[in-house]
**Q** 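This is the structure I want to talk about, given as C-alpha cells.
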2 protein chains.
Amino acid sequence: MLRFSKRVEYGLMALLELDASANGGYLPVKDIAERHEIPQDLLGKVMQALTRAGYVASTKGMHGGYRLVQPLERVTVGKVIESLEGPVYLTPCCDDSKSCRQQDHCNIRRPILRVQEHLLRYISQLTLAEFREGDPRPIEMNIGEQCV
Amino acid sequence: MLRFSKRVEYGLMALLELDASANGGYLPVKDIAERHEIPQDLLGKVMQALTRAGYVASTKGMHGGYRLVQPLERVTVGKVIESLEGPVYLTPCCDDSKSCRQQDHCNIRRPILRVQEHLLRYISQLTLAEFREGDPRPIEMNIGEQCV
DNA sequence: AAAAAGGGGACCAGATTGGTCCTATTTTCA
DNA sequence: TGAAAATAGGACCAATCTGGTCCCCTTTTT
C-alpha cells in the first residue's frame, strides 16, 4: 500500500486551511472540521499531534483554536507524515530497529533502501507551500531521460 | 502509510530469484520459498498473480515451476505493485471511481494528484533490472537544486 | 498409481485504521 | 461566579486490511 492515511490527509487540509484563513487569529477545530467535513474529534487528535510537532500552536477557551507557527515554506510533507504516523519506511527492515525473517539472504533489501532514500528525499523537500491553491510549481523533480 | 506489502516484497524477491537462478528451466515455488524463508502458500498466490500479469509462466507436474517470461529490464516496480495489490493511488479520491466526503471543497486534491503523478512516473520507470545485485545504478532520479 | 507441482477458493487471526465517547482543564464572557 | 467554548488526551470500538493457512482440484512426470 502506498497510501496516505486519513490522519495525514486531514492534517494537510488543516494546515492549508490555517494558512489560507490566517488573519493572525486562532481558528478552532470546529470550524476547520465543518468547512472540510472532517470528523471533529479525529481532527482534534491530528491537531494535537501537529502541536506537539511544533507546526501549530493552540489556545484554549473562547476564541481559542490553532494558528500556524511556521510558514508553509518550512513545513514539508515528509515531516507532516512523520508527525502523524511515525517514521516512513517502505519495509520494516528499512527501520533499523526491526528485522524480518529474510534477514541476511534478502535480495531486495539494498535496492529497496535506495528507493526509500529517493522517496524520503522527495517528500522531505516538498513543502506545503507548493500545495497552496494556484501554486504554479508542478511538484515534481527533474526526471532524466532514463530513470537512473 | 507508505509501505510495501508482504505480497509485493515476496513478488520482488521471487522475480529476482528467478532472474538469478535462471538456467532456462523452471523453479518451483517450494525452492524459492525455502531459500528466502517465505511462507510457501502465500508465495504461491503471489506467483499466480504474477503469472496472470504475464511476467512469469508456469508448468505443473514434476520439474515444474515458474520461469521469467520477460527480462527484468521490462518489469517495473510499478507494474509489480499493481499486479499484486491493485492500482496505486495516494488517496481514494485519486482513483476516479471513488470519492470522499470532502469532494468539492477539498484543498489538497489537486496537489496530491500531482504528487501521485510524480510517484507513479518514478515507480513505472524503475525496472527490476536495477534491483539486481551489484547493479551500479543508484536508483534515483536527478534532483534539481530546488525541489520543484 | 504415486508424487510433485501449480490453480484457486475459503477462511481465520492479528494488526491497523477511522472514528466516537468521555472527562479534565483552561479561558472568555455575560 | 457560573456557563460556554475550546483544547488535551485516554479509552474504546467497529470495520477493514493483511498475512497466513488449509483444503481440494488438475496437470505432468516417473
Side-chain angles (χ1 to χ4, degrees), chain A residues 1-11 13-14 18 25-34 36-53 55-67 69 81 84-89 91-93 98 100-102, chain B residues 1-11 13-14 18 25-34 36-53 55-67 69 81 84-87 89-93 98 100-102:
Chain A
M1 272 245 268
L2 293 168
R3 304 274 154 90
F4 282 169
S5 66
K6 283 292 173 189
R7 286 173 64 86
V8 168
E9 277 183 51
Y10 296 157
M13 293 171 75
L18 285 182
Y26 287 86
L27 200 56
V29 164
K30 187 161 181 283
D31 288 18
I32 307 177
E34 276 171 4
H36 294 280
E37 294 196 57
I38 301 172
Q40 183 169 333
D41 279 359
L42 186 49
L43 183 57
K45 301 301 172 71
V46 168
M47 296 312 291
Q48 287 172 27
L50 291 178
T51 305
R52 283 189 291 265
Y55 295 121
V56 298
S58 69
T59 53
K60 295 182 177 179
M62 262 189 166
H63 302 135
Y66 291 91
R67 69 178 172 81
V69 116
I81 296 180
L84 293 177
E85 38 181 59
V88 174
Y89 45 85
T91 94
C93 70
K98 290 160 195 165
C100 65
R101 264 206 272 191
Q102 283 74 31
Chain B
M1 274 249 267
L2 293 167
R3 305 274 153 89
F4 281 169
S5 66
K6 283 292 172 190
R7 286 173 63 87
V8 167
E9 277 183 53
Y10 295 157
M13 292 170 74
L18 285 182
Y26 287 86
L27 199 57
V29 163
K30 186 160 179 284
D31 289 16
I32 306 177
E34 275 171 7
H36 295 279
E37 294 196 57
I38 301 172
Q40 182 169 334
D41 279 359
L42 186 49
L43 182 58
K45 301 301 171 76
V46 168
M47 297 311 291
Q48 287 173 25
L50 291 178
T51 305
R52 283 189 291 265
Y55 295 120
V56 298
S58 70
T59 52
K60 296 182 177 180
M62 263 189 164
H63 302 132
Y66 291 90
R67 67 177 174 82
V69 115
I81 296 180
L84 292 178
E85 39 181 58
Y89 45 85
L90 288 178
T91 93
C93 69
K98 290 162 193 163
C100 66
R101 264 207 270 192
Q102 284 75 29

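Everything numeric here is computed off the predicted structure, so don't read it as measured data. Just the heavy atoms: all of them, side chains too, but no hydrogens, waters or symmetry mates, feed the values below.
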**Q** Rounded to whole Å, how long is the line connecting atom CD of B:Glu9 with atom P of D:dG19?
**A**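 Rounding to the nearest Å, CD of B:Glu9 and P of D:dG19 are 8 Å apart.
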**Q** List in chain and number order the residues that pass side-chain contact (heavy atoms from CB on, under 4.5 Å) with A:Ser58, two or more places apart in sequence or in another chain; answer none if no residue qualifies.
**A**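 Scan of A:Ser58 (side-chain contact (heavy atoms from CB on, under 4.5 Å), adjacent residues dropped) gives A:Tyr66.
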**Q** Using the side-chain contact (heavy atoms from CB on, under 4.5 Å) criterion, which residues pair with B:Leu42? Sequence neighbours excluded.
**A**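 Expected list: B:Tyr10, B:Pro39.
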**Q** Specify the separation, in whole Å, of atom CD1 of A:Ile38 and atom P of C:dG19.
**A**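 So the two atoms are 10 Å apart, to the nearest Å.
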**Q** At under 4.0 Å between heavy atoms, how does the protein contact nucleotides 1-11 of chain D? Give one character per nucleotide, 5' to 3', with B, S or -.
**A** ----BBBBBBB
**Q** Round to the nearest Å and state the distance from A:Glu85 atom CD to C:dA15 atom P.
**A**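 In whole Å, C:dA15 P and A:Glu85 CD are 19 Å from each other.
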**Q** Can you tell me the distance, in whole Å, between the CZ atom of B:Phe4 and the C1' atom of D:dC17?
**A**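 Taking atom C1' of D:dC17 as the reference, CZ of B:Phe4 is at 18 Å.
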**Q** Salt bridge (charged side-chain N to carboxylate O under 4.0 Å, His left out) with A:Lys30: which residues, sequence neighbours excluded?
**A**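 Salt bridge (charged side-chain N to carboxylate O under 4.0 Å, His left out) check on A:Lys30 returns A:Glu34.
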**Q** Enter the distance from B:Ile81:CD1 to B:Arg7:CZ here, rounded to the nearest 0.5 Å.
**A**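 Rounded to the nearest 0.5 Å, the CD1-CZ separation comes to 12.5 Å.
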**Q** Can you check the B:Leu42 CG to C:dG9 P distance for me, whole Å?
**A**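 About 16 Å, once rounded to whole Å.
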**Q** Side chain to side chain donor-acceptor pair (under 3.5 Å) with B:Arg67: which residues, sequence neighbours excluded?
**A**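 B:Tyr26.
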**Q** Nearest whole Å is fine: how far is C:dG6 C1' from B:Leu50 CG?
**A**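 For the pair B:Leu50 CG and C:dG6 C1', the rounded distance is 14 Å.
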**Q** What residues form a side-chain contact (heavy atoms from CB on, under 4.5 Å) with B:Asp41, not counting sequence neighbours?
**A**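 With sequence neighbours excluded, B:Asp41 shows a side-chain contact (heavy atoms from CB on, under 4.5 Å) to no residue whatsoever.
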**Q** If you compare every side-chain N and O of A:Tyr10 against the phosphate oxygens of C:dG19 (OP1, OP2), does one of them come in below 4.0 Å?
**A**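 For A:Tyr10, the contact criterion (side-chain N or O under 4.0 Å from OP1 or OP2 of C:dG19) is met.
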